[in-house]
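Reviewing the structure listed below.
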Amino acid sequence: MPYLYRNDLEAIEKILLKELKPKKYSISCDGFEYEGVDEIAEYPTKTHVLVVYTHSPCMRLKFARSWAELYAGDDGDGMDAAIRKVAAIVTRAERSWLWFVCNSSSWLAPLIGFGSFAVAVGVIALWNAPGSLIYAAGLIMLAMSVWWGVGYRYRLCAFSSIDLSGPRKNSGWLQEHRASLAVFAVALVLGILITCLGFGFLRS
């Protein structure tokens with residue numbers, strides 16, 4: 001799940017023009033075609049669909065809502081080195097934590113949600129546990145549903161993000177990881193809330 005800025009696109013453009021020297025170089029963004037990053041307006045500030053491609057030699061870098069692709073059709077001089085440099089820029093922009101959370105939600109969220117409900121029903125039936133246990137399982141299912149929904153949204157609609165408003169800012173560790181810290185904080189609060197509610201139901 002790469003998150004690129006305007007200066008990332010400029011760095012990619014510089015590599016392709018300098019090392020490949022293509023006969024044609026174009027950028028497609030939001031239904032328009034440009035001959036360089038400097039032609040793209042800074043507003044709207046963000047897009048999820050952008051394609052960079054060259055001809056002679058042929059190369060395509062595509063960012064889409066649900067996937068990303070880097071394709072090279074020729075093995076011309078400098079192609080391998082240029083592709084590696086472009087891939088390195090995209091790799092540095094990857095949000096690996098977000099990819100892991102969203103990708104694992106497709107199978108782990110239903111497993112935990114339905115599994116906890118099945119376990120609760122089995123414990124109640126076999127060991128005459130309090131019926132309120134079912135409410136705790138229901139809360140876990142609700143939390144897993146939210147997780148699944150967030151993961152589905154990002155994987156399908158916002159896999160790639162390109163910020164066109166300006167360059168990547170050199171910020172501190174907290175500023176750089178604010179999104180992951182926010183997700184961790186929300187998950188922690190939600191986990192504590194579910195645990196407290198679950199113990200409350202069990203004691204009643």
Side-chain angles (χ1 to χ4, degrees), residues 1-109 147-171 176-180 183:
M1 287 186 172
Y3 194 117
L4 287 90
Y5 289 79
R6 178 175 285 269
N7 56 337
D8 295 321
L9 295 179
E10 291 172 347
I12 291 173
E13 179 177 89
K14 183 178 180 180
I15 292 170
L16 296 179
L17 294 179
K18 182 179 179 180
E19 301 195 13
L20 296 186
K21 297 179 175 62
K23 292 183 179 179
K24 182 179 180 181
Y25 170 81
S26 297
I27 302 175
S28 295
C29 178
D30 294 333
F32 296 95
E33 190 168 290
Y34 306 92
E35 294 183 354
V37 176
D38 58 334
E39 295 183 2
I40 305 176
E42 294 186 359
Y43 298 96
T45 60
K46 185 182 293 185
T47 183
H48 300 289
V49 180
L50 186 140
V51 183
V52 179
Y53 60 93
T54 66
H55 179 66
S56 296
C58 295
M59 188 282 315
R60 181 174 69 243
L61 174 62
K62 182 173 184 178
F63 302 99
R65 292 182 181 274
S66 58
W67 53 280
E69 175 191 68
L70 177 57
Y71 169 79
D74 298 327
D75 294 327
D77 293 338
M79 175 64 77
D80 185 63
I83 290 298
R84 289 181 183 276
K85 291 178 181 178
V86 171
I89 294 175
V90 177
T91 300
R92 284 198 301 269
E94 285 282 359
R95 298 169 289 173
S96 55
W97 60 271
L98 183 59
W99 166 249
F100 174 77
V101 170
C102 295
N103 192 44
S104 60
S105 68
S106 61
W107 60 273
L108 193 56
W147 180 19
W148 187 90
V150 171
Y152 179 81
R153 187 262 177 190
Y154 270 96
R155 284 185 291 111
L156 187 65
C157 302
F159 181 91
S160 301
S161 292
I162 298 95
D163 192 329
L164 301 171
S165 62
R168 184 185 300 275
K169 300 176 178 62
N170 294 324
S171 54
E176 183 179 352
H177 296 86
R178 64 187 184 280
S180 57
V183 171

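Heavy atoms only: backbone and side chains are in, while hydrogens, waters and symmetry mates are out.
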Discussion item. Working to the nearest 0.5 angstrom, can you tell me the gap between R155 CZ and S66 OG?
Written reply: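 Result: 10.0 Å between the selected atoms.
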Fill in: Interatomic spacing from CZ in R84 to OG1 in T91 - rounded to 0.5 Å
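The OG1 atom of T91 is 11.5 Å from CZ of R84, to the nearest 0.5 Å.
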Taking the side chain as every heavy atom from C-beta outward, state whether [X] and [Y] have any pair of such atoms under 4.5 Å apart.
{"X": "V90", "Y": "F63", "result": "yes"}
{"X": "L20", "Y": "I15", "result": "no"}
{"X": "V86", "Y": "L16", "result": "yes"}
{"X": "H48", "Y": "S160", "result": "no"}
{"X": "M59", "Y": "I83", "result": "yes"}
{"X": "W67", "Y": "K62", "result": "yes"}
{"X": "D163", "Y": "L4", "result": "no"}

Discussion item. Between E19 and K14, does any NZ, NE, NH1 or NH2 come within less than 4.0 Å of an OD or OE carboxylate oxygen?
Written reply: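 Here K14 does not pair with E19 in a salt bridge, since their nearest N and O are not under 4.0 Å apart.
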Practice prompt. Might you work through the ring-ring contact (aromatic ring centres under 6.0 Å, His included) test for W99 and F159, ending with a clear yes or no?
Written response: CA-CA 8 Å; W99 166 249; F159 181 91; 5.8 Å; yes
Practice prompt. Determine whether the aromatic ring centres of Y152 and Y154 lie less than 6.0 Å apart.
Written response: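 No, they do not, as the ring centres are separated by 6.0 Å or more.
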